[in-house]
Amino acid sequence: MGALVWLLIPLLAAIGGGLWGSWASRTRKVRGDGPELDGYARFRAAMEKSHPGAGGA
């Protein structure tokens, strides 16, 4: 009987892993790349500004 209990542990882990995998790969609403590209454009513009006194060695 004890051996059956030990065999149930990997079986339950496999079932739990399968459920988690199906949940993690579910279809999500796609929002596009707009916000990320806008943020990158702001970052690039900020890096291109010249800052007096911020010169390197």
Legend entry - Transitive ILVMFWY cluster of Leu19, excluding itself - 4.5 Å side-chain cut-off: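 Leu8, Leu11, Ile15, all in the cluster of Leu19.
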
Considering only distance and modelled atom types, tabulate donor-acceptor pairs under 3.5 Å from the side chains of residues 38-46, sequence neighbours left out.
none

Legend entry - side-chain contact (heavy atoms from CB on, under 4.5 Å) involving Trp6 - partner list, sequence neighbours excluded: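 Partners of Trp6 under the side-chain contact (heavy atoms from CB on, under 4.5 Å) test: Ile9.
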
